[in-house]
Amino acid sequence: MQSLWMVVASLFFALMGMFIKLAAEYHNLGEIVLFRGLPSVFAIAAYAFYHQLPLLGNHLKTHARRNISGITSMWLGFYSTTLLPQGTASALKYTSPLFIAAALLYQGYFPGILKAQWLRFGAIILGFIGVLCIFNPFTENGLDTSAFTAGLISGFMGATAYMTVRSLGRIGEPEWRTVLLFSSSVVITGLAGVAILGISDYTLTSSLYLLGVGLSGLGGQLSMTRAFSRGSTTLSATLQYTGIIFSSLIGYQIWGETLNHIGALGMILVIVSGVAATLYARQRNA
């Protein structure tokens, strides 16, 4: 099932979040965004030139919509990640599947949704409840209001980007081109950010953190693009919640973060929602 690529993407994005937090101790947001895009541009452009593949294709307007929403989501999400507790920022990020579910319901994407599709959308709601239980984002004290708002808007814009990726997949755009054009736009906005925010002092450690942001972002972007372009949109959205498990394990290993009883319950809900959606998709061949 192509949607299972979202599990791989979630692992990469959890690692990227870790590197963002580490890199933010040394570098500004423009530099982090710039290095998020550079490895992807170099690697995929080299692949395209080697195989003599056309770089632009025939669907630049759709790519432009995907890039605008995706880059907006990225900047706001990175901003939120650097200023909020990682748990809160992660919870806000995972509002994207709820926006996707609402969009599909509004568009009437699935005929007879109330009778036949309730389990898939119920799994998304259940999964998000699990996210809230794990991180308890609304019980945090002293939250940065602007960062909190940015994280929520990032979730909405991320949902818009995911839906556009789905459209690109349906019209036959290869994953590599979608990622290349997006990453090129990321680099351009990153350079603009560096021009405004300046250049920090680079060390071997900080450079490795930035490289980690870029490489993990590349792996996550390719895997996410394949999941949404070739798999079930709703199942892929639900499987994003596995990123919470990966983030929790990384947080425990790096910073000694632990879960309380409510958090443990949340993790169970996340797993149950993912399993329910997977079994349903198999039955429906979705």
Side-chain angles (χ1 to χ4, degrees), residues 8-44 67 70-94 96 135 137 140 143-144 146-148 150-151 153-155 157-158 161 179-180 182-224 240 243-244 246-257:
V8 180
S10 296
L11 174 59
F12 276 121
F13 286 138
L15 291 171
M16 185 179 72
M18 176 192 72
F19 284 121
I20 289 171
K21 295 287 286 186
L22 294 171
E25 300 177 7
Y26 302 89
H27 298 285
N28 61 55
L29 191 58
E31 293 170 307
I32 294 174
V33 171
L34 174 61
F35 277 84
R36 162 63 180 86
L38 280 176
S40 300
V41 170
F42 287 137
I44 301 177
N67 290 353
I71 289 172
T72 302
S73 176
M74 175 180 292
W75 273 87
L76 293 175
F78 282 17
Y79 173 75
S80 175
T81 298
T82 58
L83 292 180
L84 291 178
Q86 187 167 2
T88 303
S90 298
L92 293 174
K93 172 186 175 182
Y94 284 95
S96 289
F135 291 122
E140 300 281 358
L143 288 178
D144 186 310
S146 63
F148 190 90
I153 297 174
S154 174
M157 296 304 294
V179 175
L180 175 62
F182 174 72
S183 298
S184 299
S185 300
V186 169
V187 169
I188 292 172
T189 62
L191 288 171
V194 170
I196 296 172
L197 300 174
I199 300 177
S200 307
D201 294 328
Y202 284 73
T203 66
L204 176 60
T205 298
S206 70
S207 299
L208 289 175
Y209 290 155
L210 289 173
L211 181 61
V213 171
L215 293 179
S216 56
L218 170 60
Q221 194 70 35
L222 287 171
S223 302
M224 182 275 290
Q240 287 184 105
I244 299 301
F246 297 134
S247 295
S248 298
L249 294 174
I250 291 173
Y252 176 76
Q253 291 295 326
I254 302 299
W255 295 286
E257 298 174 353

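Keep in mind it's a predicted model, so treat the numbers as computed, not measured.
- Here the CZ atom belonging to F78 is positioned 8.0 Å from the CG atom belonging to L29, to the nearest 0.5 angstrom.
- From L191, atom CG reaches atom CG of L38 across 7.0 Å, with rounding to the nearest 0.5 Å.
- Surrounding CD1 of I199 are at most 12 heavy atoms belonging to other residues, nucleotides or ligands under 6.0 Å away.
- For L218 against A43, the heavy-atom pair with the smallest separation is CD2-CB, 4.2 Å.
- Residue S223 comes nearest to V8 through the heavy atom pair OG-CG1, 3.5 Å, listed as atom of the first residue, atom of the second, then distance.
- I188 contributes atom CD1, which lies 11.0 Å from atom OG of S183 (distance to the nearest 0.5 angstrom).
- With 3.5 Å as the limit, one finds a donor-acceptor pair spanning the side chains of Y79 and S146.
- Side-chain contact check for S200 and E31: at least one donor-acceptor pair (N or O, by modelled atom type) lies under 3.5 Å.
- For T81 against G17, the heavy-atom pair with the smallest separation is CG2-O, 4.4 Å.
- Closest approach of S184 and V41 over heavy atoms only: N-CG2, 3.6 Å.
- In this structure, CE on M224 lies 8.0 Å from CD on Q240, to the nearest 0.5 angstrom.
- Minimum heavy-atom separation, L76 to A150: CB-O, 3.5 Å.
- Counting only heavy atoms from C-beta outward, the side chains of Y202 and H27 approach each other to under 4.5 Å.
- Side-chain atoms of I44 and L222, non-hydrogen and from C-beta on, do get closer than 4.5 Å to each other.
- Note that OH of Y209 is 8.5 Å distant from OG1 of T203, once rounded to the nearest 0.5 Å.
- Between M16 and F13 there is a side-chain heavy-atom pair separated by less than 4.5 Å.
- Of the inter-residue distances, the one linking I32 atom CD1 with L22 atom CG reads 10.0 Å to the nearest 0.5 angstrom.
- Under the 4.5 Å side-chain criterion, counting only non-hydrogen atoms from C-beta, F182 is in contact with I71.
- Pairing each heavy atom of F19 with each of S216, the nearest pair is CD1-OG, 4.1 Å.
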